[in-house]
**Student:** 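So that we are looking at the same thing, I have put the structure below in structure tokens.
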Amino acid sequence: MDANVDLKKSWIMIKHTFPILDNNFNWPYAQTTDAQLFETINLINRFGLNATIKSLIISKFEEHVRKFVVPKFWAFFTTDINVGEGFGNFFKAVDYLYTFFTNHIHLIGNTSLLCNSKPIYNAENATDSLKLIIRATLLSQLPLNYNKIIEEFYETALKLENNDDTACPVCGNEPECSCLIYFHATNSKLVELKLLEPLCGQVLTSLIYGYIESYINKTCKDNFDNSYIDALEKWLDQFIINWLRKVYGCDGSSELQEQEYKQKLTNLLYETYTKVRINQLFNIIIEYPESSPALEDLSKCLPKTDLRPLLTKKLQKAMETRLLHPGVSTPDILTAYVASIRSMRILDPSGLLLDVVTQPMHEYLRSREDTVRCVVSSLTEEGPNDLAEELVKGDAVHVDETAASDEDTENWEAWMPDPVDVDPSKTSNIRRSADIISMLVSVYGSKELFINEYRTLLADRLLSQFSCDTEKEIRYLELLKLRFGDSQLHYCEVMLKDISDSKRINHHIKQDANYTDNSFPISALIVSAQFWPPFKDEQLELHPKVLSQMETFTKSFEALKGNRTLSWKNHLGVVDLEIELKDRVLNLSVTPVHAAILMRFQDQDDWCLDRLSRTLHIPPIILRKKIRFWLSHGLIDEFMKDCFCLVEEHDTNVPNLNADVVLDDYESESVMASTQDQREEELQTFWSYIIGMLMNLDSLPLERIHQMLKMFAFQGPTIECSLQELTQFLDRKVREQKLVFSGGLYKLPKNDML
Amino acid sequence: MKVTIKNWVGVATWRWVANDDNCGICRMPFDGCCPDCKLPGDDCPLVWGQCSHCFHMHCIVKWLQSQQVNQQCPMCRQEWKFNNK
């Protein structure tokens with residue numbers, strides 16, 4: 001009985017010491033004194049109930065945490081919160097939890113005394129076990145979207161850190177508000193509870209990632225003329241890492257971890273920056289010389305990030321959508337091409353990237369007809385120009401470097417292996433010696449094509465200028481020779497020499513005693529036909545006065561140069577005219593055709609188209625086009641269809657009816673035979689063979705003609721003719737009624753046989 | 001109307017007055033130059049023999065030097081004599 005009374009009293013005492021055993025438990029509660037504690041423990045020991053009581057306490061405690069504390073903690077997160085309140089809420093939640101924790105340290109400490117101070121749950125000490133219980137329970141009840149609040153909390157904190165305004169972004173008060181103190185307090189509490197990493201780690205990381213990205217985008221986007229990588233690294237170290245140190249600060253977590261984290265963030269920084277730059281790479285290339293800092297940054301980042309495949313893919317895509325389509329003019333593409341070659345050299349000295357990136361450009365340029373022309377004309381153009389610059393710079397790299405070998409004995413120590421993803425079929429030397437001009441020329445596969453085009457353009461220029469300013473041309477020619485070799489440009493050299501020779505010959509002839517230019521002064525450009533590109537063959541019968549003057553000139557030439565004579569190209573040249581009319585005087589510089597027309601009108605006031613055409617040996621259609629020039633000047637009028645008359649005097653009262661006559665751009669026409677015309681001539685040589693065949697064999701199918709031509713006519717390497725081309729040629733002959741086609745056989749028409 | 005030609009710049013091609021187009025030795029056009037030359041015209045002139053055949057001067061000189069015994073025209077096998085008309 002005594003024990004019974006004792007039992008009840010003891011239970012009250014135990015409950016007093018461990019208030020958690022009370023059903024009406026509430027905290028905070030009063031601490032018991034040490035004497036009371038020892039008495040209670042002795043009591044329990046006496047009963048031998050220490051294990052039971054201990055487990056009872058723990059289960060009661062855990063239940064309390066599960067049922068009251070944690071739900072209350074999470075309630076701060078889940079109840080409806082307005083934007084901006086997250087900061088305070090999180091602070092309150094942590095504060096609440098921390099108060100609970102400090103309040104119960106004793107309880108757990110006391111409990112552990114029950115079992116010879118043996119810790120609970122194998123934790124190091126009682127505090128740790130308390131933390132363990134709280135943490136476990138907390139995480140077992142994670143609500144959805146719990147991280148929203150945490151994110152808001154740290155986002156606000158970041159803003160706070162970066163705050164330049166006077167007002168605090170959280171409370172809107174003066175700068176000396178307590179928000180920052182709250183923030184640090186919360187962090188240190190979380191660290192002490194060991195909850196910072198499990199609860200906020202992920203949120204922090206993603207927040208920092210996002211922050212870095214937006215920062216990079218904000219600072220570097222659309223600005224290519226500064227290098228950012230150093231500044232960014234410094235920013236990362238000074239701002240982000242510093243801030244993180246503040247957050248984790250009291251943790252004292254090992255240096256190693258911090259190093260690791262920093263490494264991660266640096267990687268992220270590089271990757272983000274590289275991606276930003278890769279997305280803008282096309283613009284960077286277009287702005288090339290100004291954007292070289294950005295390119296250098298990128299070349300530093302590339303080896304660290306493994307983003308090369310992305311780069312090539314993105315760049316190729318950008319090229320396709322922005323450059324390689326019919327809406328872009330060829331000179332623009334060429335400019336972009338040069339810029340990309342130069343920038344790729346900075347990005348990747350091995351030349352592999354260049355190879356991959358320029359491949360589509362090559363293919364596209366090859367499909368454009370005017371590419372060669374554009375390359376050549378921009379090579380020789382006046383004014384600042386990438387290609388001309390490149391030509392002058394010229395580390396004379398020979399275009400056909402077939403003999404290039406990998407074993408460079410001089411520099412063997414500096415040899416570097418090719419990157420792993422290289423195409424082994426190409427030797428590295430060709431790639432490394434990426435000279436822009438040779439690359440451009442290699443677009444076409446052969447330099448002959450390129451040089452032919454150059455020759456045609458040169459001929460056009462020389463014939464259209466007549467100014468004999470050959471100095472510049474000679475300079476360019478010398479530069480080109482460095483690249484293409486003497487033999488290729490030999491023809492052009494002769495052309496230029498013709499110009500200067502003509503000058504001298506003209507001078508000589510003027511001084512010749514037997515030569516008189518009594519009617520008008522004449523001079524000539526005397527060219528070596530073998531070396532010039534073929535001229536367009538045009539008929540023109542000049543005025544007898546001109547012809548006789550030319551005859552005199554030729555005589556003098558023959559006297560000057562023994563055994564040589566001249567054949568005039570009547571339709572080429574330039575004529576300065578002074579036209580005296582009744583009411584005005586005109587000074588014009590025109591082509592010989594125009595001059596010839598006007599001189600005929602000098603003899604006779606009106607001409608009909610047909611007769612004029614016969615006199616001048618020009619087909620009426622072309623003649624009509626040429627007359628239009630004089631129509632537009634108001635010198636000639638078409639008074640009835642196909643009849644023209646001279647207009648001596650303008651009636652000032654009648655408005656000029658001819659003002660709106662469209663003037664042909666007769667000057668821009670090339671005097672050189674086009675490639676098509678040249679081809680036509682080649683085909684004409686086959687025509688005689690074909691006639692011969694058909695005369696002997698009467699009629700032949702297309703294939704036989706082609707075969708026989710192959711056997712006899714296609715002697716040179718260049719003279720080839722596909723079956724298709726031959727069909728077109730023969731069909732045209734049929735249309736011209738020079739052939740008859742029936743039943744799959746070609747025949748000569750009957751009257752031709754006679 | 002009175003048209004005065006102040007200046008007329010024409011274009012003409014020059015050629016040798018010869019009875020053939022190509023040199024019988026090198027088979028290159030007379031208006032071009034022999035294989036050893038770069039510039040046509042004054043730098044690579046033609047010469048006529050008394051047999052009326054003509055060649056690039058450099059070609060015929062080379063030919064004559066290679067003939068030990070008789071100096072003959074390679075076309076007609078007559079004795080070669082320069083025609084200095």
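Residue numbering restarts at 1 for every chain, and letters A, B, ... go by the order of the sequence lines. Since we're looking at a predicted model, the values are computed, not measured.
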**Student:** Could you tell me which of A:Thr565, A:Ile526, A:Leu577 has the largest number of non-hydrogen atom pairs under 4.5 Å with chain B?
**Tutor:** A:Thr565
**Student:** For side chain to side chain donor-acceptor pair (under 3.5 Å), just list the numbers for A:Ser567 and B:Arg15, CA-CA rounded to whole Å, side-chain angles, deciding distance to a tenth of an Å, and then say yes or no.
**Tutor:** CA-CA 8 Å; A:Ser567 338; B:Arg15 62 185 164 80; 3.3 Å; yes
**Student:** For a side chain to side chain contact (heavy atoms under 4.5 Å, CB included) check, start with the C-alpha distance between B:Leu39 and A:Val494, then their side-chain angles and the critical distance, and finish with the verdict.
**Tutor:** CA-CA 6 Å; B:Leu39 302 171; A:Val494 174; 3.8 Å; yes
**Student:** Checking heavy atoms, do the side chain of A:Glu580, its backbone, both or neither come under 4.5 Å from chain B?
**Tutor:** both
**Student:** Any Lys/Arg nitrogen of A:Arg564 or B:Asp42 sitting under 4.0 Å from an Asp/Glu carboxylate oxygen of the other?
**Tutor:** yes
**Student:** Count the heavy atoms belonging to other residues, nucleotides or ligands that lie under 6.0 Å from OH of A:Tyr491, then report whether that count exceeds 12.
**Tutor:** no
**Student:** Under the side chain to side chain contact (heavy atoms under 4.5 Å, CB included) criterion, do A:Leu463 and B:Val11 qualify, and how do the steps go?
**Tutor:** CA-CA 8 Å; A:Leu463 285 181; B:Val11 176; 3.8 Å; yes
**Student:** Side chain, backbone, both or neither: which part of A:Leu588 has a non-hydrogen atom closer than 4.5 Å to chain B?
**Tutor:** neither
**Student:** Could you have a look at A:Leu586, A:Asn587, A:Val585 and say which one has the most heavy-atom pairs with chain B under 4.5 angstrom?
**Tutor:** A:Asn587
**Student:** What part of A:Phe557 gets within 4.5 angstrom of chain B, counting heavy atoms only: side chain, backbone, both, or neither?
**Tutor:** side chain
**Student:** Check this for me: B:Lys81, atom NZ, are more than 12 non-hydrogen atoms of other residues, nucleotides or ligands nearer than 6.0 Å?
**Tutor:** no
**Student:** Kindly determine whether A:Val546 and B:Ile5 satisfy side chain to side chain contact (heavy atoms under 4.5 Å, CB included), including the steps that lead there.
**Tutor:** CA-CA 9 Å; A:Val546 182; B:Ile5 299 168; 4.2 Å; yes
**Student:** Shortest non-hydrogen contact from A:Gln530 to B:Pro29?
**Tutor:** OE1-CG, 3.3 Å
**Student:** Relative to chain B, which of A:Ser502, A:Ala524, A:Ser523 shows the most heavy atom pairs under 4.5 Å?
**Tutor:** A:Ser523
**Student:** How far apart are the closest heavy atoms of A:Phe531 and B:Cys33, and which atoms are they?
**Tutor:** CZ-SG, 4.0 Å
**Student:** Set out, in order, the CA-CA distance, both residues' side-chain angles and the distance that settles side chain to side chain donor-acceptor pair (under 3.5 Å) for A:Ser528 and B:Trp14, then state yes or no.
**Tutor:** CA-CA 6 Å; A:Ser528 311; B:Trp14 65 267; 3.0 Å; yes
**Student:** Could you measure the distance from the SG atom of B:Cys37 to the NE2 atom of A:His490? Nearest 0.5 Å is fine.
**Tutor:** 9.0 Å
**Student:** Write down the atom of B:Thr13, the atom of A:Lys569, and the distance for their closest heavy-atom approach.
**Tutor:** CG2-CE, 3.9 Å
